[in-house]
Amino acid sequence: MAKDVAKSRKISKGTLAMLITLAVFVVILFAMLILRTNQEVCEFVCRHFVNSYQAVAGRFYSVTTVNIFEILVTLAILFALACIITAITLFCKNKKLTSRRIMLSLLIICVCIANLYIFTAGFAYNRDSAPVDTYKGEISKDLALSSFITLVDDLNACYGEIGKYNDDGSVVSPYSEKELNEKIRQAVDKVLTDGYYYGYTPKAKPIISSGIMTLNRIAGITFLPTCEPGYNRDMPIVDRAHTIAHEFAHTKGVMREYEANLVGAYVLLNSGDVFLKYCGYIGVMSYVYEIIKYDETYFENVEAYPIPEGFRQDTKKIFNWWISQPSLGNIGEFFNDLYLKINGQEDGTGSYEETPGTDDIIIEGGDGEPDRYLTVITEYTNMHRMLVAYATSLSQ
């Protein structure tokens with residue numbers, strides 16, 4: 001009897017220790033959630049602590065070409081299921097203390113992972129704006145048109161320099177998958193030199209289960225605790241390059257989605273590599289056209305300065321590829337939207353793009369032609385201003 005009582009007390013002490021451990025981790029979690037609401041704290045944590053973490057963890061996880069995050073997710077799911085099944089089995093066998101301790105252990109691990117993720121990624125959502133060269137002044141109609149012409153000319157020059165094309169005019173990548181990843185990584189190191197960005201640039205890694213990503217309409221995913229920019233390797237390569245650059249931006253401390261798009265495009269356009277620049281235009285061409293959406297001259301300007309037909313074929317291939325793939329509906333978007341809102345992005349998946357100021361106008365048709373409707377831009381976004389600044393630099 002005495003032994004049973006002693007044993008019971010020993011188990012109680014162990015359970016109490018686990019509860020205290022859980023409470024400590026929960027307190028740390030809530031403390032970080034509170035601290036990350038202060039932008040100055042976020043900036044300090046990211047520049048000093050997360051930057052140092054990535055310098056170590058990034059190098060460690062970059063040793064292998066296998067995406068460690070993908071493996072960890074698989075193991076975590078199997079481990080969680082094993083714990084739950086074992087705990088239920090023991091509970092049914094009236095071994096309630098052991099069952100509870102298993103569930104407590106699982107809960108402690110989950111809170112630890114949440115803490116690590118908030119530390120590596122959560123603080124970055126409330127940082128200062130990512131430093132990118134943007135045009136600060138007023139964008140006049142003349143500047144908008146001259147910038148548009150410069151960018152179209154640059155796109156045409158890039159297309160011509162690539163030199164290898166398919167029968168429909170779409171480009172053939174001069175790089176293998178590994179070479180492309182390294183080229184983008186080198187471009188990131190070349191362009192993102194400001195102290196705002198994390199010092200170490202990890203390696204981009206393909207997701208082995210890219211088919212699952214495609215089913216959920218996911219192009220890329222970055223898990224900051226393992227510092228791995230992951231991407232869907234099944235996408236057309238010109239679309240993949242823009243995705244990889246976007247994911248690299250996350251690993252450099254840029255978590256807000258529209259800024260990751262901005263920084264990714266900025267890296268590709270300023271890479272000095274014609275293929276990477278071409279892929280950069282794939283991601284931003286809609287913004288290039290929006291620069292000249294200031295009045296009814298839009299349509300005539302578009303017709304006066306054509307882009308390569310091969311470029312149109314590349315964008316068409318991307319669109320056709322995505323719509324031709326099987327889908328699980330909006331499941332992936334639902335969880336991504338929920339995740340972004342939890343991290344303070346009120347627009348959820350709508351936060352992938354900045355919203356410009358707009359106005360609608362009617363262009364009266366002449367000689368029996370129907371009226372045209374045009375949404376003009378009244379306030380440019382940072383992406384537009386980055387493109388104008390880039391065009392200005394090309395003209396100098």
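Keep in mind the model is a prediction, meaning the values are calculated, not measured.
The backbone N or O of Thr150 lies less than 3.5 Å from no partner atom in the side chain of Asp154, so there is not a single donor-acceptor pair. Although no hydrogens or angles enter the test, the distance criterion places no donor-acceptor pair under 3.5 Å between the side chain of Asn181 and the main chain of Lys203. Counting only distance, with no hydrogens or angles, the side chain of Lys205 and the backbone of Thr65 share no donor-acceptor pair below 3.5 Å. Thr86 places no side-chain N or O within donor-acceptor distance of the main-chain N or O of Cys83, the cut-off being under 3.5 Å. With hydrogens and angles disregarded, no donor-acceptor distance shorter than 3.5 Å links the side chain of Asp359 to the backbone of Val376.
With values rounded to the nearest 0.5 angstrom, Ile207 atom CD1 is found 7.0 Å from Phe69 atom CZ. Note that the CD1 atom of Ile34 and the CG atom of Leu29 stand 10.0 Å from one another [nearest 0.5 Å]. In this structure, Leu224 CG and Thr251 OG1 are separated by 7.5 Å, a value rounded to the nearest 0.5 Å. Taken from OH in Tyr390 to OG in Ser147, the straight-line distance is 12.5 Å, to the nearest 0.5 Å. One finds the CD1 atom of Ile291 at 7.0 Å from the OH atom of Tyr380 (value rounded to the nearest 0.5 Å). Rounding to the nearest 0.5 Å places CG of Leu16 at 10.5 Å from CG of Leu104.
Leu72 forms part of a hydrophobic cluster together with Phe60, Tyr61, Ile68, judged by ILVMFWY side-chain heavy-atom separations under 4.5 Å. With a 4.5 Å cut-off between side-chain heavy atoms of Ile, Leu, Val, Met, Phe, Trp and Tyr, the cluster of Ile88 takes in Phe79, Ile84, Met103, Leu106, Ile109, Ile113. In this structure, Leu90 belongs to a hydrophobic cluster whose other members, linked by side-chain heavy atoms under 4.5 Å apart, are Ile102. Residue Val27 shares its hydrophobic cluster (ILVMFWY side chains chained together at separations under 4.5 Å) with no other residue.
Around atom CD1 of Ile212, no more than 12 heavy atoms belonging to other residues, nucleotides or ligands sit under 6.0 Å away. At most 12 heavy atoms of other shown residues, nucleotides or ligands fall within 6.0 angstrom of atom CD in Glu138. Taking a 6.0 Å sphere around CD of Glu177, one finds it holds more than 12 heavy atoms contributed by other residues, nucleotides or ligands. Applying the 6.0 Å contact sphere to OH of Tyr289 captures more than 12 heavy atoms from other residues, nucleotides or ligands.
Side-chain atoms of Lys252 and Thr201 include a donor-acceptor pair closer than 3.5 Å. Between Asp168 and Ser170, the side chains place a donor N or O and an acceptor N or O closer than 3.5 Å (distance only, hydrogens not considered). The closest side-chain donor-acceptor pair between Asn232 and Thr214 falls under 3.5 angstrom. Between the side chains of Asp239 and Trp321, no donor N or O sits under 3.5 Å from an acceptor N or O. Checked by atom type, the side-chain pair His242/His246 shows no donor-acceptor distance below 3.5 Å. Side chains of Tyr305 and Asp153: a donor-acceptor N/O pair is absent below 3.5 angstrom, by distance only. Between the side chains of Gln39 and Glu43, no donor N or O sits under 3.5 Å from an acceptor N or O. With no hydrogens or angles considered, no side-chain donor-acceptor pair links Lys96 and Thr98 at under 3.5 Å.
Looking at residues two or more places apart in sequence or on another chain, you find a side chain to side chain donor-acceptor pair (under 3.5 Å) between Ser176 and Glu179. Take Lys316 and apply the salt bridge (charged side-chain N to carboxylate O under 4.0 Å, His left out) test, not counting sequence neighbours, and it matches no residue. Scored by the side chain to side chain donor-acceptor pair (under 3.5 Å) test, Ser271 finds no partners at all (sequence neighbours excluded). Every side chain to side chain donor-acceptor pair (under 3.5 Å) that Arg185 has, sequence neighbours left out, goes to Tyr200. The ring-ring contact (aromatic ring centres under 6.0 Å, His included) search around Tyr197 returns none, not counting sequence neighbours. For Lys190, there are no side chain to side chain contact (heavy atoms under 4.5 Å, CB included) partners two or more places apart in sequence or in a different chain. With sequence neighbours left out, Asp234 forms a salt bridge (charged side-chain N to carboxylate O under 4.0 Å, His left out) with no residue at all.
When every heavy atom of Ala121 is checked against every heavy atom of Met255, the shortest pair comes out as O-CG, 3.7 Å. In terms of heavy-atom proximity, Asn382 sits nearest to Thr134 at O-CG2, 3.8 Å. A pairwise comparison of heavy atoms in Ala245 and Leu268 identifies CB-CG, 3.9 Å as the closest pair. The two residues Leu145 and Ile292 have their closest heavy-atom pair at CA-CG2, 4.0 Å. Nearest heavy-atom pair across Asn115 and Met32 is O-CE, 3.2 Å. Across all their heavy atoms, Ala124 and Gly253 have their closest contact at CB-O, 4.0 Å.
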Before you tell me yes or no, could you show the steps for Ser209 and Glu70 under side-chain hydrogen bond (donor to acceptor under 3.5 Å, both in side chains), namely the whole-Å CA-CA distance, both residues' side-chain angles and the distance that decides it to 0.1 Å?
CA-CA 8 Å; Ser209 53; Glu70 190 174 10; 2.5 Å; yes

Should Thr315 and Met285 be marked as a side chain to side chain contact (heavy atoms under 4.5 Å, CB included) after you check the CA-CA gap, both sets of side-chain angles, and the distance that decides it?
CA-CA 10 Å; Thr315 56; Met285 204 59 202; over 6 Å; no

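Note on ring orientation: taking the six-membered ring where Trp is involved, the planes of Tyr278 and Tyr159 are tilted (angle from 30° to 60°). By the 30° and 60° cut-offs, the orientation of the rings of Phe223 relative to Tyr117 is parallel. Ring-plane geometry between His48 and Phe44 is classed as tilted, the angle between the planes lying from 30 to 60 degrees on a 0 to 90 degree scale.
A salt bridge (Lys or Arg N to Asp or Glu O under 4.0 Å) check over residues 288-298, counting only residues at least two apart or in different chains, returns the pairs Lys141-Asp295.
The cationic atom of Arg127 (NZ for Lys, CZ for Arg) lies less than 6.0 Å from the six-membered ring centre of Tyr196 and within 45° of the ring axis.
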